[in-house]
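In what follows, a single structure is set out as structure tokens and then discussed.
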Amino acid sequence: MLNQDIVREATRLTRAGQLVEATALLQRMLQGDSAPRPDSRGASQARLPRLDPLTIDATAEVVEEREAPQIAPTRSAQGRRCSIPVDGMRDFSGLGLRSPITRVPLSPSDIVPENTRFIAGTFSNAAGSRTYKLFIPSRCQGQQLPLIVMLHGCTQSPDDFAAGTRMNFLAEEQNCFVVYPEQPSGANQSKCWNWFRTGDQRRSGGEPSIIAGITREIMRDHAIDPKRVYVGGLSAGGAAAAIMGATYSDLYAAVGIHSGLACGAASDLPSAFVAMRQGGGFKATADSKISVPTIVFHGDRDTTVHPKNGDQIIEQSARATRPTTTVLRGRVPHGHAYTRTVLIDGAGRTISEHWNIDGAGHAWSGGSPAGSYTDPQGPDATREMLRFFLEHSLGG
């Protein structure tokens, strides 16, 4: 039960820069405790429990720690020497999380197919600097190819996310580039994309401008089809992907969101907790009125990001049309059942798909156990997301 007095007090503490105190109040509220009574020092100075930095993302399971594989340095397309660091899952704590987390080492074969390249780069603009990893398919012969932008979840790295989703292996089959921007701990202590801050929900500023800048840098430096550029992500990365589709509809032809939230679902830390708990009260924050085709995956047992958020993403993506709806049901052999809702516009084009997965939690559906936060019982979100992407093009 949400206590609006606690939410208001947490909002005040957040604006005052007292994030630890605000987090404590919200955690106690979600656990069913009543608001603390202010003493003679005032509510803002009431004694609160010490907490570690907040992670706005996944509920962790104890797994084995992966060490960074030793991949030899390579060179970029411009001949510059690029180091290729691979971050494993770091110890972390926060809302609903346990630490430490241990993982077994990733091997290069978990991340990329043989005879392909996975190079590192850095992009900087007025909003900041981010590193990224770029997958280059083996059949890249100068023809213009699609580009997929993949945004990882909290505590993840590009290598971990690539291993878990196996997007590089599907991209090799389909002859696509894939780029993985990396959110550093300096931007968010748990390496979450800051989807809940209004300054990071706008075009030409904040993290959206950096992600768009990385996208355009890859388009400039490699043979990319400008009509076939797509963006997808998981959890905090999925929420960031929703923002990219809403703010850069002229750049991305389609969006894929796994266990994420709609653009504008939250505007600060307290509203982020509320959105994750019961769905966000999203508002129009996009600069464009054009809706980008969107595919959504969400487990109906997700206790980290409420499944209602998936419904709200579809509602937002279809706001400019009056679609007809087709509902399909299926089951993965020895895996999850699912409901696939397809929205079709008046011209017969698919504008969105919503995959509601029975019994699934907060994890990438059909992913590989080599990566973190995956559910191998399917359906295969990577294959279906890439299929949906390649069915759409800008102006198509």
Report yes or no: does [X] contribute a side-chain atom to a donor-acceptor pair with the main-chain N or O of [Y] at less than 3.5 Å?
X	Y	value
Thr374	Ser368	yes
Arg139	Glu173	yes
His152	Asp160	no
Tyr230	His392	yes
Ser365	Pro379	yes
Asn194	Ala187	yes
Asp110	Ala163	no
Ser271	Ser267	yes
Asn309	Gly280	yes
Arg197	Gln201	no

Taking the side chain as every heavy atom from C-beta outward, state whether [X] and [Y] have any atom pair closer than 4.5 Å.
X	Y	answer
Trp193	Pro181	yes
Gln312	His306	no
Ile313	Gln316	no
Met276	Thr304	yes

Problem - Atom pair SG/CD1 of Cys176 and Ile136 - distance to nearest 0.5 Å - result: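 Cys176 SG to Ile136 CD1: 13.5 Å, rounded to 0.5 Å.
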
Practice task
May I have the step-by-step check of side-chain contact (heavy atoms from CB on, under 4.5 Å) for Val229 and Ile224, ending in yes or no?
Solution key: CA-CA 8 Å; Val229 179; Ile224 303 298; 3.9 Å; yes

Practice task
Look at Arg301 together with Asp375 and state whether they make a salt bridge at an N to O cut-off of under 4.0 Å.
Solution key: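 Asp375 and Arg301: not salt-bridged.
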
Exercise for the section: Inspect the surroundings of CD in Gln143 and state if more than 12 heavy atoms from other residues, nucleotides or ligands are less than 6.0 Å away. Expected result: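 Enclosed: over 12 neighbouring heavy atoms sit under 6.0 Å from CD of Gln143.
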
Practice task
Answer yes or no: are there more than 12 heavy-atom neighbours, outside Arg387 itself, under 6.0 Å from its atom CZ?
Solution key: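 Enclosed: over 12 neighbouring heavy atoms sit under 6.0 Å from CZ of Arg387.
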
Exercise for the section: Applying ring-ring contact (aromatic ring centres under 6.0 Å, His included), name anything that partners Tyr180, two or more places apart in sequence or on another chain. Expected result: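 Residues passing ring-ring contact (aromatic ring centres under 6.0 Å, His included) with Tyr180: Phe118.
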
Handout entry: With Phe123 via ring-ring contact (aromatic ring centres under 6.0 Å, His included) - residues at least two apart
Key =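 Scan of Phe123 (ring-ring contact (aromatic ring centres under 6.0 Å, His included), adjacent residues dropped) gives none.
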
Do [X] and [Y] belong to the same hydrophobic cluster, where Ile, Leu, Val, Met, Phe, Trp and Tyr are linked whenever their side-chain heavy atoms lie under 4.5 Å apart, directly or via other members?
X	Y	value
Met219	Met244	yes
Ile218	Ile119	yes
Phe169	Met150	no
Trp364	Val332	yes
Ile351	Val342	no

Problem - Under 3.5 Å side-chain donor-acceptor pair for Asn115 and Ser138 - result: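 No, Ser138 and Asn115 have no side-chain donor paired with an acceptor closer than 3.5 Å.
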
Exercise for the section: Mind telling me whether Tyr248 and Tyr252 have parallel, tilted or perpendicular rings, with 30° and 60° as the class edges? Expected result: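 Tyr252 vs Tyr248 ring planes: perpendicular.
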
Problem - Parallel, tilted or perpendicular, as decided by the 30° and 60° cut-offs, for the rings of His222 and Phe177 - result: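 Judged by the thresholds at 30° and 60°, the geometry between Phe177 and His222 is tilted.
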
Practice task
Please test Arg166 against Thr382 for side-chain contact (heavy atoms from CB on, under 4.5 Å), starting from the C-alpha separation and ending with a verdict.
Solution key: CA-CA 7 Å; Arg166 291 185 67 81; Thr382 303; 5.5 Å; no

Practice task
Provide the full list of ring pair (Phe, Tyr, Trp, His ring centres under 6.0 Å) pairs with a residue in residues 322-344, sequence neighbours left out, each pair given once.
Solution key: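 Non-adjacent pairs meeting ring pair (Phe, Tyr, Trp, His ring centres under 6.0 Å): Tyr338-Trp355.
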
Practice task
Kindly indicate, with the supporting measurements, whether the criterion side chain to side chain donor-acceptor pair (under 3.5 Å) is fulfilled by Ser235 and His362.
Solution key: CA-CA 8 Å; Ser235 197; His362 196 73; 2.7 Å; yes

Exercise for the section: Specify the closest pair of heavy atoms between Leu394 and Asp250, including all atoms of both residues, with the distance to one decimal. Expected result: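 For Leu394 and Asp250, the tightest heavy-atom pair comes out as CD1-O, 3.3 Å.
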
